[in-house]
Number of protein chains: 2
Amino acid sequence: MSRAPTRTPDPGWTDPECPVARALDLVGDRWSLLVVRDAMDGARSFTEFQRRTGIARNILSDRLRKLTAHGLLAQRAAPSGRRQEYVLTEAGHDLFPVVLALRQWGERHAFAPGEAHSTLVDRHGAPVPEFAPTGSDGTPLDAGTTRVRKIR
Amino acid sequence: MSRAPTRTPDPGWTDPECPVARALDLVGDRWSLLVVRDAMDGARSFTEFQRRTGIARNILSDRLRKLTAHGLLAQRAAPSGRRQEYVLTEAGHDLFPVVLALRQWGERHAFAPGEAHSTLVDRHGAPVPEFAPTGSDGTPLDAGTTRVRKIR
DNA sequence: GCATGATGGTTTCGATTCGCAACTCACTGG
DNA sequence: CCAGTGAGTTGCGAATCGAAACCATCATGC
């Protein structure tokens, strides 16, 4: 069975022409991005996801099923054993910028000054630098310097 | 009063030491980020948010209250008139990278090839370039080249 | 000065979703 | 053969959501 790309996965998007809204229809709940976060950090099995997130088992079951159905996770046989495991697809892996942006926003705005939190480091242990959008000329972009162009 | 430096929005975070989880506790639902998106695109009034998102009025009322309580939106008197309006605070404004990352992910993975969608352009009308994280040495970063360092 | 219509919500209430706990099923090590 | 673990499913009460109705405050038309 060929994996058809995306053939209207749901009967109706919240806002069909906005990519932000479509993305949120797929991962815009309390748990999906935490599952993706843990998958990026090495979680593979149902129990491991459950242990890391603390999510209720029936909800985890539902989220794993939905993320799989939407093509963010794939189920495959574990290499060293007969059990199944969940791995990120390319689309799931590609959520890295979203998770990183959320992480850095959280570090800046959801912790009291000096309050301890986990951080993201590169393979040498150095902190990941600030992740900020820039225009083609290198100037920083924000909501004031951009606008949404609606479809024609 | 007793407004301590810590906001303490809820009795307990989902995962207190993870900035991703704290960020999702604040904006990780289907609607909050769409409200922020529209605020970034110029929405100011209750009715305007309602018209753009299509959210139920009671839920919008709740989200505006929570976003305000968490310091992402502020209410102030409209300049031309005596009605109130909602504007992004610095923390809300600072969600721009999150919304942009979601937008670009949505464009790549939630639309069929060739399917029309709105896009983000700069003040000259040029499309915003790809927003991808890089390490301090300029190499691209992803989940494979980074890891979470837990707090000591 | 009173009907009419926005604006900015709140209330009501049925439907949906959540989350805890208990249960099942498959397999596995002793 | 039995205990234990992984991977879910089921049942059920509690919390949340959403559509529609309702309410209060202004502003305008007349």
Side-chain angles (χ1 to χ4, degrees), chain A residues 9-16 21 24-36 38-39 42-70 72-88, chain B residues 9-16 21 24-36 38-39 42-70 72-88:
Chain A
D10 304 306
W13 302 91
T14 298
D15 184 353
L24 289 173
D25 281 340
L26 298 179
V27 298
D29 66 282
R30 157 136 38 291
W31 294 115
S32 292
L33 282 175
L34 289 182
V35 169
V36 170
D38 288 334
R44 299 270 112 101
S45 67
F46 185 93
T47 304
E48 183 63 12
F49 283 114
Q50 207 274 324
R51 197 187 58 74
R52 295 202 196 196
T53 58
I55 187 175
R57 303 169 74 76
N58 56 341
I59 305 297
L60 175 59
S61 182
D62 179 74
R63 291 302 183 279
L64 289 171
R65 203 177 306 113
K66 280 180 179 158
L67 289 171
T68 303
H70 294 144
L72 283 81
L73 288 178
Q75 254 185 320
R76 66 174 48 133
S80 63
R82 64 254 139 253
R83 282 192 200 288
Q84 291 281 99
E85 65 177 17
Y86 296 94
V87 292
L88 288 169
Chain B
D10 305 303
W13 302 92
T14 298
D15 184 351
L24 290 172
D25 281 339
L26 298 179
V27 297
D29 66 284
R30 164 151 10 309
W31 295 114
S32 291
L33 282 174
L34 289 183
V35 169
V36 170
D38 288 334
R44 300 271 111 102
S45 67
F46 186 94
T47 304
E48 183 63 12
F49 283 114
Q50 207 275 324
R51 196 188 58 74
R52 294 201 196 197
T53 59
I55 187 175
R57 301 166 71 77
N58 55 343
I59 305 298
L60 175 59
S61 183
D62 179 75
R63 291 301 183 280
L64 289 172
R65 201 177 307 114
K66 280 179 177 159
L67 289 172
T68 302
H70 294 147
L72 282 83
L73 288 178
Q75 253 185 320
R76 63 168 174 236
S80 61
R82 65 172 43 63
R83 283 204 312 287
Q84 291 281 102
E85 65 177 16
Y86 295 94
V87 293
L88 289 169

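Numbered from 1 within each chain, the chains take letters A, B, ... in sequence-line order. What you see below is based on every heavy atom in this structure, not just the backbone, and it leaves out hydrogens, waters and symmetry mates.
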Output the rounded distance in Å from [atom1] ([X]) to [atom2] ([N]).
X	N	atom1	atom2	value
A/R44	D/dA7	CZ	P	13 Å
A/Q50	C/dC20	CD	C1'	11 Å
B/L34	D/dG18	CG	P	12 Å
A/R30	C/dT17	CZ	C1'	12 Å
A/R52	D/dG6	CZ	C1'	16 Å
A/L67	D/dG8	CG	C1'	16 Å
B/I55	D/dT16	CD1	C1'	13 Å
B/L60	C/dG9	CG	C1'	9 Å

Looking only at side-chain N and O atoms, does [X] come under 4.0 Å of OP1 or OP2 in [N]?
X	N	answer
B/Y86	C/dG9	yes
A/W31	C/dC18	no
A/S45	D/dA7	yes
B/S61	C/dT10	yes

Nearest of [options] to any side-chain atom of [X]?
X	options	answer
A/A56	D/dA7, D/dA21, C/dC20	C/dC20
B/R57	C/dC20, C/dG9, D/dG8	C/dG9
B/N58	C/dT10, D/dG18, C/dG8	D/dG18
B/F46	C/dG9, D/dT9, C/dT7	C/dG9
B/Q75	C/dG9, D/dT10, D/dG8	C/dG9
A/I59	C/dG8, C/dG19, C/dG9	C/dG19

**Message:** Please give me the minimum heavy-atom distance between A/I59 and A/W31, naming the atom from each residue.
**Reply:**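 Taking every non-hydrogen atom into account, CG2-CD1, 3.9 Å.
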**Electrostatic pair A/R63:A/D29 at N-O distance under 4.0 angstrom** = yes
**Message:** In the structure I gave you, are the side-chain heavy atoms of B/L88 and B/L73 within less than 4.5 Å of one another anywhere?
**Reply:**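 Sidechains of B/L73 and B/L88: in contact.
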**Request:** Ignoring hydrogens and angles, tell me if any N or O in the side chain of A/E85 forms a donor-acceptor pair with the backbone of A/A77 under 3.5 Å.
**Result:**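 Side chain of A/E85 to backbone of A/A77, a donor-acceptor pair under 3.5 Å: no, none is there.
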**Item:** Flag for A/S61-A/R65: side-chain donor and acceptor within less than 3.5 Å
**Value:** yes
Applying a 4.0 Å non-hydrogen cut-off, can you work out what [X] is touching in the nucleic acid: base, sugar-phosphate, or nothing?
X	result
A/R63	sugar-phosphate
B/F49	nothing
B/R51	nothing

**Request:** Return yes when atom CZ of A/R44 has more than 12 non-hydrogen atoms of other residues, nucleotides or ligands closer than 6.0 Å, and no otherwise.
**Result:** yes
